[in-house]
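The structure under discussion appears below in the form of structure tokens.
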Amino acid sequence: MCLHGFMDTWRTWELVLPALQREHDVLAPTLAGHAGGPSLSSGITDTSLADSVEQAMDDAGFASAHVVGNSLGGYLALQLAARGRAESVVALSPAGGWAPGDESYKDLLGLQESIYAAAKAAAPHADALVSTAGGRRRATQYITANYEHIPPELLAHQLLGVAGCDAALSLTEHAARVGWSLDADQISCPVRVIWGTADALLPWPFAAVRFREEWLPHADWVELEGVGHCPQLDVPLETSQLVLDFTR
């Protein structure tokens, strides 16, 4: 199971899916409240997104799965592991790892709100924006260090996905008010954490402190030198190999 990040869609996995599908049946849902995903009409709680993912697993007949998640999806993958639904977890720059008392996450939430507003303004011009190298660099500046290999059509889709994330502001408001919690003691499956050293959204190592020191000190940790926030887009071949080596 592949879980995307905040304001993204399932298509963030498009460049790694062929390799993953050679060895696994893959479920890559779009998260609730995101463009193309189920609604969050009943409101947002600490468990809303994980509950929706569990429902998707149940509907697909997945009692458990190897779970790969990026950013918010990495955090959700760990929540699923704490519920006993994961055979293993590969978390790519998972959200929620700031040290207790570190309120820099509020700056990130503010940045994400500005990204959301900019995407809504740019959405009518998405195809034109990604038709130039400069536009593609603008579209990927927060998510990848390398962008030349990413198809323009995929980047246009992602921009529209950000603009169409109806629950974006409700989710950032909830995160600012409640923060992140994890029943890490309940995680018994193998966990690999992958983090790019050029992550512009969740900077390494500061955004990983709680994972490294409190929640997941015994996980398998992999640093990707010069890679950004979304390794599945930035270095898809290396990322798929890191996932498959671990699931094997």
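Heavy atoms only: backbone and side chains are in, while hydrogens, waters and symmetry mates are out.
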Which residue pairs pass the salt bridge (Lys or Arg N to Asp or Glu O under 4.0 Å) test when at least one of the two sits in [range], sequence neighbours left out?
| range | result |
| --- | --- |
| residues 20-42 | Glu23-Arg248 |
| residues 184-201 | Arg192-Asp220 |
| residues 149-169 | Arg11-Glu153 |
| residues 57-68 | Asp58-Arg85 |

Any [X] side-chain heavy atom under 4.5 Å of [Y] side chain:
| X | Y | answer |
| --- | --- | --- |
| Leu242 | Leu224 | yes |
| Arg212 | Pro217 | no |
| Leu129 | Arg136 | no |
| Leu31 | Ser52 | no |

Leu111 and Lys106: CA distance, side-chain angles, deciding distance, side chain to side chain contact (heavy atoms under 4.5 Å, CB included) verdict: CA-CA 9 Å; Leu111 173 62; Lys106 293 182 179 178; over 6 Å; no
Would you check if the side chain of [X] reaches a backbone N or O of [Y] as a donor-acceptor pair within less than 3.5 Å?
| X | Y | value |
| --- | --- | --- |
| Thr30 | Gly36 | no |
| Asp234 | Val227 | no |
| Thr45 | Ser48 | yes |
| Tyr75 | Ser181 | yes |

Cluster check [X], [Y]: I/L/V/M/F/W/Y, side chain < 4.5 angstrom:
| X | Y | answer |
| --- | --- | --- |
| Met57 | Trp10 | no |
| Val191 | Leu3 | yes |
| Leu169 | Leu201 | yes |
| Val67 | Ile187 | yes |
| Leu108 | Leu76 | yes |

Considering residues at least two apart in sequence or located in another chain, which fulfil the side-chain contact (heavy atoms from CB on, under 4.5 Å) criterion with [X]?
| X | result |
| --- | --- |
| Arg210 | Pro100, Glu214, Trp215 |
| Asp102 | Trp98, Ala99, Ser104 |
| Ala123 | Leu159, Leu160, Ala163 |
| Ala60 | Leu27, Phe62 |

Which atom of [X] lies closest to which atom of [Y], heavy atoms considered:
| X | Y | value |
| --- | --- | --- |
| Leu80 | Ala50 | CD2-O, 4.1 Å |
| Pro94 | Leu202 | O-CD1, 3.7 Å |
| Ala35 | Gly161 | CB-O, 3.7 Å |
| Asn70 | Cys230 | OD1-SG, 3.3 Å |
| Val16 | Pro236 | CG1-O, 3.5 Å |
| Phe246 | Val90 | CD2-CG2, 3.7 Å |

Sole candidate of Leu40, Asp8, Leu171 that passes side chain to side chain contact (heavy atoms under 4.5 Å, CB included) when paired with His34: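 Answer after filtering Leu40, Asp8, Leu171: Leu171.
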CD/Glu148: more than 12 non-hydrogen atoms of other groups inside 6.0 Å: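 For Glu148, atom CD is crowded (more than 12 foreign heavy atoms under 6.0 Å).
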Gap separating the [atom1] atom of [X] from the [atom2] atom of [Y], nearest 0.5 angstrom:
| X | Y | atom1 | atom2 | answer |
| --- | --- | --- | --- | --- |
| Asp46 | Gln79 | CG | CD | 7.5 Å |
| Leu109 | Arg177 | CG | CZ | 12.0 Å |
| Leu92 | Ile194 | CG | CD1 | 5.0 Å |

Sequence neighbours excluded, every pair satisfying side-chain hydrogen bond (donor to acceptor under 3.5 Å, both in side chains) that has a member inside residues 109-129: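 Every side-chain hydrogen bond (donor to acceptor under 3.5 Å, both in side chains) pair that includes a residue of residues 109-129, provided the two are not neighbours, is Glu113-Thr172.
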Worked check of side chain to side chain donor-acceptor pair (under 3.5 Å) between Thr9 and His157: CA-CA 9 Å; Thr9 78; His157 167 86; 2.7 Å; yes
Worked verdict on Met1 versus Val68 for side chain to side chain contact (heavy atoms under 4.5 Å, CB included): CA-CA 6 Å; Met1 168 169 270; Val68 184; over 6 Å; no
Salt bridge (Lys or Arg N to Asp or Glu O under 4.0 Å) partners of Asp51, counting only residues at least two apart: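 For Asp51 the salt bridge (Lys or Arg N to Asp or Glu O under 4.0 Å) partners, ignoring immediate neighbours, are Arg83.
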Trace of the side chain to side chain contact (heavy atoms under 4.5 Å, CB included) decision for Leu49 with Leu72: CA-CA 10 Å; Leu49 294 178; Leu72 173 60; 3.8 Å; yes
Given His24, Glu87, His66, the one that forms side-chain hydrogen bond (donor to acceptor under 3.5 Å, both in side chains) with Thr247: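 When side-chain hydrogen bond (donor to acceptor under 3.5 Å, both in side chains) is applied between Thr247 and each of His24, Glu87, His66, only His24 qualifies.
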is_close_aromatic(Phe211, Trp221), centroid dist under 6.0 Å: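 Phe211 vs Trp221: aromatic centres not under 6.0 Å.
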Residues which pass side chain to side chain donor-acceptor pair (under 3.5 Å) with Arg137, listed by chain and number, not counting sequence neighbours: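 For Arg137 the side chain to side chain donor-acceptor pair (under 3.5 Å) partners, ignoring immediate neighbours, are Thr140.
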By side chain to side chain donor-acceptor pair (under 3.5 Å) - contacts of Ser71 (at least two apart):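 In terms of side chain to side chain donor-acceptor pair (under 3.5 Å), with neighbours along the sequence ignored, Ser71 is linked to His229.
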Thr12 versus Gln232, side-chain donor and acceptor atoms under 3.5 Å: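 Their side chains do contain a donor-acceptor pair, which is all the 3.5 Å distance test asks for.
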Candidate pair Leu78 and Val89, rule side chain to side chain contact (heavy atoms under 4.5 Å, CB included), full reasoning: CA-CA 7 Å; Leu78 294 167; Val89 168; 3.9 Å; yes
